[in-house]
Amino acid sequence: MENYWIKNVRLEKGYKYENGVISSTLTEICHILMEDGKIKNIVPFDTNMNDDLIKYDANQMLMLPTFKEMHIHIDKTYYGGPWKAIQPATSIFDKFDEEKELLPKLLPTAQYRAEKILETLLGFGSTHVRTHCNIDPVIGLSNLEATMQALENFSGKLSHEIVAFPQHGLLRSNSVAQVRQALKQGATIVGGVDPGSVDDNIEKSLQTIMDIAVEANAGIDIHLHDRDTLGMLAMNRFADLTEEAKWHGKVTVSHAFGFAGESSEGSAELAERFAKLGISITSSVPIGNLIMPIPMLREKGVKVELGTDSLTDHWSPFGNGDNLEKAGRLAELYHHVDELSLSQSLGYITGGITPLDKEGNQVWPQVGDKASVVFVDASCSAEAVARRSKKRVVLFNGNIVSGSF
């Protein structure tokens, strides 16, 4: 790992106010010393750098923290192969039947296609990936093996988590033993899917998920698509189990569509409970007739993160792997159009890190921070989110892993 300077870096330093209202973001040009994978020094533009270290020129590009892709399925995708739209289905069970035939056919190219997705995610600025990996009687642990090999080939370029995901139902497909084995062979998080509509037993399904997690001392990330009363019932019961097991800060609910169809009072109460228990929510920012109350969740203190979910597979032909674009969609959907709300929207894809806090104090970067950063062609975070800045150079722990200066 080389030590080097990056000169002419644009950093945010505060907000500009007009008539008591934030009107724009103030920035400054600095030079940054990278040493041993961390930010060693930040010096003003007029500093004379007279050492012999390599000096890259950022040409006044804006430096931001790298992004986190918190929900994607890299193990089953059409990405990297010929275009193919989805086959119509009347229910999730039709898709399960389709998978039983499709997954064995995709297996020979699973690693290759997973690597193509990782390459794409990295190029867009995501240096952490949480991927869900099918664990079921049809494919066994084969997709896990392909996923782990793909991630190993990106070692040193990004960090990762693997969710052992019983897509066809933990109980419905009798996958309990396989999920336990997956956690012994490289998976790091226990998954699950719709304990009500898929497993048909909310109590047993959720209790089994929690039991496996406690046994393995692992986190949990469960898909919950069920809406209205069924969805709220499952999420409330899961909150009970999280509290009983003292699994605070180790649980994620992906999608959490129950919030979309419930009364604001019931949603707000559950959101407050999630915040207290450290239960996070990962969303793909759905549009159309399914709008999640993401601003309310965040206001109540729930950690909300974003993910691509499908990237052109048999579930959906959409998705491009660009989480900055996803943050822009969120801002557009929830009318985050002013400088403050746009810039703070960046936190949804960075693990909550933004260069400026809501009061305009510079909180990132600091000397000693990991040198995992992305340079974008934008004047500030607000512009980067709103305009989905395209040109990017990505560093992971001090190494340039995508793009070039």
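Values reported hereafter were calculated over all heavy atoms of this structure, with side chains retained and with hydrogens, waters and symmetry mates removed.
Donor-acceptor pairing under 3.5 Å is recorded for the side chains of S205 and D199. A donor atom on one side chain and an acceptor atom on the other are not found under 3.5 Å apart for N320 and D322.
Looking at residues two or more places apart in sequence or on another chain, you find no salt bridge (Lys or Arg N to Asp or Glu O under 4.0 Å) involving E115.
The backbone N or O of C133 lies less than 3.5 Å from no partner atom in the side chain of N143, so there is not a single donor-acceptor pair.
Applying the salt bridge (charged side-chain N to carboxylate O under 4.0 Å, His left out) test to every pair with at least one member in residues 332-361, sequence neighbours left out, gives these pairs: E332-R388. Among pairs with a residue in residues 270-284, those fulfilling salt bridge (charged side-chain N to carboxylate O under 4.0 Å, His left out) read D240-R273, E243-R273, E272-K300, at least two apart in sequence or across chains. Each salt bridge (charged side-chain N to carboxylate O under 4.0 Å, His left out) pair with one or both residues in residues 158-172, not counting sequence neighbours, appears once here: R130-E161. Legend: ring-ring contact (aromatic ring centres under 6.0 Å, His included) pairs involving residues 303-338, not counting sequence neighbours: none detected.
For the pair R237 and E244, the salt-bridge criterion is met [side-chain N within less than 4.0 Å of a carboxylate O].
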Is there a side chain to side chain donor-acceptor pair (under 3.5 Å) between S254 and H71 once you walk through the steps?
CA-CA 8 Å; S254 286; H71 187 114; 2.9 Å; yes
List the atom pairs, with distances to 0.1 Å, where a side-chain N or O of residues 182-193 and a protein N or O form a donor-acceptor pair under 3.5 Å, not counting sequence neighbours.
| from | atom 1 | to | atom 2 | distance (Å) |
| --- | --- | --- | --- | --- |
| Q185 | OE1 | Q181 | NE2 | 2.8 |
| T188 | OG1 | I162 | N | 3.0 |
| T188 | OG1 | I162 | O | 3.2 |

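Checked against the 6.0 Å centroid threshold, F67 and F124 do not count as a close aromatic pair. Proximity of the aromatic rings of F154 and H160 is defined here by a centroid distance below 6.0 angstrom, and this criterion is not met.
Separation of atoms CD1 (I6) and CZ (F405) is listed at 4.0 Å; rounding is to 0.5 Å. Taken to the nearest 0.5 Å, the CG atom of L306 stands 6.5 Å off from the CD1 atom of I294.
For CZ of F93, the number of neighbouring non-hydrogen atoms (other residues, nucleotides, ligands) closer than 6.0 Å is greater than 12.
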